[in-house]
Amino acid sequence: MKIILFAKQVPDTQNITGDAMKKDGTVNRGALPAIFNPEDKNALEMALSLKEKYNATIIAATMGPPKAAELLRETLYMGADETFLITDRAFAGADTLATSYALACCAKKIADYDIIMCGRQAIDGDTAQVGPQLAEKLNIPQLSYVLEILKINKKKKTIKVKRAIDGGFEVVEAPLPILLTVPEAANEPRPASAKKIMSFKKAMTGFELQKKHGDAIYEDSELLATEEAKLRKKNLWIQELTAADINADVERVGLKGSPTKVKQIENVVLGGGSLKNIEPSIEGISGLVHELIEDHILG
């Protein structure tokens with residue numbers, strides 16, 4: 001069984017201000033601390049539980065700048081088997097439509113997958129659109145808000161899950177391959193394994209390899225190939241994919257492929273409201289209740 005996990009390195013939204021935005025309405029990610037999108041970690045945890053139960057292979061992929069390799073190392077620390085960094089200047093400024101197109105191209109490049117997993121939504125955009133759009137572009141079924149995978153029938157190629165709905169949950173069965181989105185309520189992501197951190201802390205991309213060796217890479221034409229071969233042998237190679245590598249139309253990625261435009265950015269400062277002290281007595285509580293009834297807050 002092959003599982004593709006699409007995860008995202010996002011800016012820590014607790015630190016976002018108007019100063020952290022560019023004039024074109026995109027986030028100045030270089031000015032903000034980057035973290036592993038929380039619900040993508042929940043999706044990874046669900047994938048890891050399938051790895052333990054069904055001997056699945058987990059391929060983690062992310063789209064972003066070179067520093068997004070940090071996220072991929074985190075997936076290796078938790079138990080992912082293979083990693084891909086989808087990186088190209090052409091991808092910059094992508095909205096959900098352009099992002100889902102690039103991820104779909106990557107999924108087709110990887111091919112032969114049984115399940116694609118991602119978090120319900122990313123905390124930088126809060127749209128919850130990329131997962132469903134990706135499923136549509138790949139023409140595969142999708143199940144959102146998946147809380148638990150109950151059963152996978154390898155012979156019939158079906159999956160049965162428990163998913164959240166308003167007021168409760170439902171049990172749904174669907175064919176494979178399929179895309180699943182996972183909310184925070186699904187599980188508690190495991191911590192990184194100390195043993196795996198020691199094993200994979202030196203995993204790197206070609207960009208990082210060139211940065212490590214500096215001019216020596218360009219002076220010795222065989223050095224890069226030799227060092228890459230060593231990393232591949234130890235399963236420490238994070239493969240980089242450009243728009244050309246995944247056969248993506250450059251007119252459909254990045255800002256060019258993004259119809260969503262930010263018209264205006266505004267800093268909002270929340271001011272304190274008026275306060276009223278309520279006496280901790282029967283009379284005080286009774287008066288409060290009557291006021292709430294008069295204001296039609298209580299009926």
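- Side chain to side chain, Gln121 and Glu39 fail the donor-acceptor criterion of an N or O pair below 3.5 Å.
- When atom types are taken as modelled, the side chain of Glu45 and the backbone of Arg190 share a donor-acceptor pair closer than 3.5 angstrom.
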Derivation and outcome, side-chain contact (heavy atoms from CB on, under 4.5 Å), residues Ile238 and Phe84:
CA-CA 6 Å; Ile238 298 175; Phe84 289 90; over 6 Å; no
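- Ile149 and Ile3 fall within a single hydrophobic cluster, where Ile, Leu, Val, Met, Phe, Trp and Tyr side chains are chained together by heavy-atom contacts under 4.5 Å.
- In the hydrophobic clustering of ILVMFWY residues, with side-chain heavy atoms under 4.5 Å counting as a link, Met63 and Leu85 come out apart.
- Using a 4.5 Å heavy-atom cutoff, the side chains of Leu209 and Trp237 are in contact.
- Leu179 and Leu50 fall into different hydrophobic clusters, where Ile, Leu, Val, Met, Phe, Trp and Tyr side chains are chained together by heavy-atom contacts under 4.5 Å.
- Remark: the backbone N or O of Ile282 is not paired with any side-chain donor or acceptor of Ser286 at under 3.5 angstrom.
- For the pair Pro66/Glu208, no side-chain contact is recorded, criterion being any heavy-atom separation below 4.5 Å from C-beta on.
- The hydrophobic cluster containing Leu103 also contains Phe91, counting ILVMFWY residues as joined when their side-chain heavy atoms lie under 4.5 angstrom apart, directly or transitively.
- The number of heavy-atom neighbours closer than 6.0 Å to CZ of Phe169, taken from other residues, nucleotides and ligands shown, is 12 or below.
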The test is side-chain contact (heavy atoms from CB on, under 4.5 Å); show your working for Val289 and Leu292 and say whether it passes.
CA-CA 5 Å; Val289 170; Leu292 295 175; 5.5 Å; no
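- Formation of a donor-acceptor pair under 3.5 Å by the Asn42 side chain with backbone atoms of Ala186 is not found in this model.
- With Asn153 contributing its side chain and Thr158 its backbone, the two residues share no donor-acceptor pair below 3.5 Å.
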